[in-house]
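Worksheet: the structure to be examined is printed underneath.
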Amino acid sequence: MGVKQGDPISPSLFIIADETLSIMLNKLYEHPRFNGFSMDSNGPRTNHLAYADDLIIFCSGKTKTFKLINKCLRKYEKNSGQLINREKSCFIMDKEISQNRIKIVTDLLQVRKEEYPMTYLGCPLFAGRKLNQYFADMAIKIIKRVRSWHCNRLSARGKVILIKHALNAIHVHLLSICLPTKTILNRMESIFANYL
């Protein structure tokens, strides 16, 4: 038998499996060879953040640490039956890290190296000051949505409702995390005004 996609119990089973992975990753701190990541020696120890089926793992760049994480992920795959999509997975390291170290990590984890800036869950991740190009995707999504609508006969009130409830929903997630540049905000307002 088994559980099919769309079954009401599927999310609960996923949460149980995901919680198991979270516990396994937290237990790595008990291992003497594991070197975690911390912004401050007195600060909280965070080794991963999870959002639905996305996971970010924080650690030092030591080979032994990567081996422990890889072992943990392989154990999770074996026990849960869920496979990690290594084509969508990546790692980020400091720019000062040697190419030799990057090759070791790439070979060990079998994932590609990514550079800043990048997008994660629709939000730009970057180091340094905000640039317009980091938020350009948001404006492009809004333009595509407006072009896909065929509502020449829609009243001004109907257009206002679409702007408030459909267009604003595209970037509300991003705005709850970080504020785009003034140029991008002005561009969005211009798109809304032109549509109206």
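Sorted by first and then second residue, the pairs that involve residues 99-126 and meet ring pair (Phe, Tyr, Trp, His ring centres under 6.0 Å), not counting sequence neighbours, are Phe126-Tyr134.
Between Arg33 and Thr65 there is no side-chain heavy-atom pair separated by less than 4.5 Å. Side-chain contact between Leu21 and Leu55 is present, with at least one heavy-atom pair separated by less than 4.5 Å. Between His48 and Ile56 the shortest side-chain heavy-atom distance does not fall below 4.5 Å. Side-chain atoms of Ile104 and Thr63, non-hydrogen and from C-beta on, do get closer than 4.5 Å to each other.
Checking side-chain atoms of Ser89 against main-chain N and O of Asn85 turns up a donor-acceptor pair under 3.5 Å. Between the side chain of Asn47 and the backbone N or O of Leu25 there is at least one donor-acceptor pair closer than 3.5 Å. Although no hydrogens or angles enter the test, the distance criterion places no donor-acceptor pair under 3.5 Å between the side chain of Thr183 and the main chain of Asn132.
A salt bridge links Glu115 and Lys113; the closest N-O separation between the charged side-chain nitrogens and carboxylate oxygens is under 4.0 Å.
Applying the side chain to side chain donor-acceptor pair (under 3.5 Å) test to Lys103 and every residue at least two apart in sequence or in another chain returns Asp107. Applying the side-chain contact (heavy atoms from CB on, under 4.5 Å) criterion to Arg74, with sequence neighbours excluded, gives Asn70, Glu77, Arg86, Gln110. Looking at residues two or more places apart in sequence or on another chain, you find a side chain to side chain donor-acceptor pair (under 3.5 Å) between Arg112 and Glu114. Every side chain to side chain donor-acceptor pair (under 3.5 Å) that Tyr76 has, sequence neighbours left out, goes to Gln82. For Phe34, the ring-ring contact (aromatic ring centres under 6.0 Å, His included) partners two or more places apart in sequence, or in a different chain, are Tyr29.
Scanning all heavy atoms of the two residues, the minimum distance from Ile191 to Ala139 falls at CD1-O, 4.0 Å. For the residue pair Tyr195 and Val146, the shortest heavy atom distance occurs at CD1-CG1, 3.6 Å. In terms of heavy atoms, Ile92 sits closest to Met118 at CD1-SD, 3.0 Å. Nearest approach of Lys130 to Leu179, heavy atoms of both residues: NZ-O, 2.7 Å.
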Subject >> Full working for side-chain contact (heavy atoms from CB on, under 4.5 Å) between Thr119 and Leu125 >> reply: CA-CA 6 Å; Thr119 302; Leu125 300 178; over 6 Å; no
